[in-house]
Amino acid sequence: MEHPGEKHTGELSRILSEWDNPQQAVLPMFHYFMERDKYISPEALEHIGRLTGISQSDLLGIGTFYQYFSFHKEGRHTVRVCLATPCVFCGGKGLLETLQKELGVALDETTKDGVFTLKPAQCFGQCVDAPSLQIDSDVYPKVTPEAIPDILSRYRHGQVKPQEAVPFGPPLANAPVVFTGLSESETLWISRYEAKGGYRALREIFSARDPDRVIREIEVSGLAGRGGGAFATSKKLQAVRKNPKPHYIVANADEGEPGTFKDRYIMERDPHAFLEGMILAGYAIDADAGYIYLREEYPHSYAILQKSLAEARDKGYLGPNIQNSGWSFDIRVYLGAGAYICGEDSSLLNSLEGKRGLPRNKPPRLSDIGLWKAPTDVQNVETLAAIPRILCEGGAWYRSLGDEKSAGTKLFCLSGHISRPGLYEVPLGMTLRHVIEDLGGGIPGGRSLKAVLPAGSAGSMLYPPQLDLNLDYPSVAQAGSLLGAASLIVMDDSVCMVDLAYWMSGFFHHESCGQCTPCRDGTEDIHEVLQKIVMGEGEPSHLDFIKSLGDYMKSASICGLGTTAPNVPVSSIQHFEEEWREHIRDKRCRAGVCPMVRRKIADFPIRRSRGLVAELPPFLPEGP
């Protein structure tokens, strides 16, 4: 008798052959069963184990790490509602409440008829059009609670066709300088990209057989990592190049920082600028292979990238003996599965190897011991997409675009309480005031600015007295914050700072990988204390507890998640202490958003073995 999993042998064998080793094929196999059956059955798990030689316990250990994998039956359709900061404070709370009411379930639960499962999400990159949700692979930006019944009805009755893979959101909101393709409303496919001068830099470099020129021009340009680290791109390339082979180049397209959507814009509107830059960087380090690690939350980016890669292969820009250079190189897209921590480079590489996305201790650097212990260059999408223009115009031209502290331009993601949210290309060194008031149009509705998160969830807040701060990496760091990926979330005076800290602490608690004690326990402790405060059970000692625990987390956590998780609560207490004390002393929320009584409230589900069991007791009881 045929084993229940045997009918999938052909497809799983194909997946196995596409990747470098059985371990790396595990996540793609999980994705196959999730797309086909909506969950990974015990029979499927057993079959994957036989093909890969990996034990059932290890497979479960890998799979339950990721939010998008489930090992029990769920609904026919999965509804994911964004609970990242821009969505939460622009209607996301009401959206969640409406979904729970319409479906009759809480987060991580399935409707009685088995049609829908409701889950949280940590940012779809639709921050310009917040709030947003996804149903299966379909994206719904700017959703109102009133639209929910009709949307759900169409899925319930099978009246929905899969969405076409197109760019979401308006084009670049100001005149482009480096990223000219972002002004396009549609995807710039290869014929139009070449007509606009695309792949000219690649052809020139390959014709001259001069990979060193790539590094020289990047060094002159001063280009630094645009994912948040701001480390000199040329130094990373040089570090990999000098090491023994094999060499790998990996694009970090796991753009999970709340409020960030610049890389999605690049991949959906100007994918070939990104691919050309990645090929040139790969040529500079004599890379043996390239990988794009893409987050699951970007289904349209995935489809557009796959088509763009096929176009590049057809034109001879990828594959064997590129441009008769004697150098062979290809790029593959590896799909993540919902884990904020995988935006950290070493966590990403562990996931790309088919493992749990746990961060590595450093040193060693990834340029010495990276993917499969080989020298690896990990670069952000925006960083790579800037390279073709730098080579065409010259490094000195690019350097002249910024200020004396940070060279070039930066894509700024502007969201939240702002009149003109959108993506802006800004010369580094421009003031925060210019970005918010002149480009963004200021605060709508006659309200005033209360605070700005300059780096999504990661950085400490900036405040109205700092509006004339220059937005370059050293200046923002000197002001006590981070520029990061430049995801500016603007908050007006309607926002309760305690409520903000509560939601962000829930996010970090949910997303902590649990590997190191300071982050695993610290995020949980801070969130539990904040739950007490928003329910009117706060004590004066809680403020000192949050600050001291934050100091411990910053000094002892393995990676950036743990070191930045306490930034918002701690900086909020420092600058809005009276607002916190009102919650504790007077049991009053001046914004009227915190319940101030003990009851069940909207929250991220607690971090647990994701998808392993269908139901767990509620985290918070209904009564005292």
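Every pair passing side chain to side chain donor-acceptor pair (under 3.5 Å) that includes a residue from residues 81-104 is listed here, sequence neighbours excluded: Lys93-Asp499.
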Can you give the donor-acceptor pairs under 3.5 Å from side chains of residues 158-165 to other protein atoms, not counting sequence neighbours?
residue, atom, partner, partner atom, Å
Gln163, OE1, Val139, N, 2.9
Gln163, OE1, His300, NE2, 3.2
Gln163, NE2, Val139, O, 2.9

Indicate every side-chain donor-acceptor pair of residues 77-84 with a distance under 3.5 Å to a residue at least two apart or in another chain.
residue, atom, partner, partner atom, Å
His77, ND1, Asp136, OD2, 2.7
His77, NE2, Tyr155, O, 3.4

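Partner of His31 under the ring-ring contact (aromatic ring centres under 6.0 Å, His included) criterion, out of Tyr66, Tyr68, Phe69: Phe69 alone.
Residues Glu344 and Ser347 bring a donor and an acceptor atom of their side chains to less than 3.5 Å of each other. At a cut-off of 3.5 Å, with distance as the only test, no side-chain donor of Tyr340 or His510 sits close to an acceptor on the other residue. Judged purely by distance below 3.5 Å, without hydrogens or angles, the side chains of Ser351 and Tyr293 pair a donor atom with an acceptor atom. Between the side chains of Tyr32 and Asp37, not a single donor N or O lies within less than 3.5 Å of an accepting N or O.
A centroid separation of less than 6.0 Å is found between the aromatic rings of Trp19 and Tyr334. A ring-centre distance under 6.0 Å is not found for Tyr302 and Tyr298.
Under a cutoff of 6.0 Å and an axis angle of 45°, Arg36 and Phe33 do not form a cation-pi pair.
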Point to revise | salt bridge (charged side-chain N to carboxylate O under 4.0 Å, His left out) evaluation trace for Arg192 with Glu184 | key: CA-CA 11 Å; Arg192 292 181 59 225; Glu184 301 283 337; 2.6 Å; yes

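Within a 6.0 Å radius of CD in Gln56, more than 12 heavy atoms belonging to other residues, nucleotides or ligands are found.
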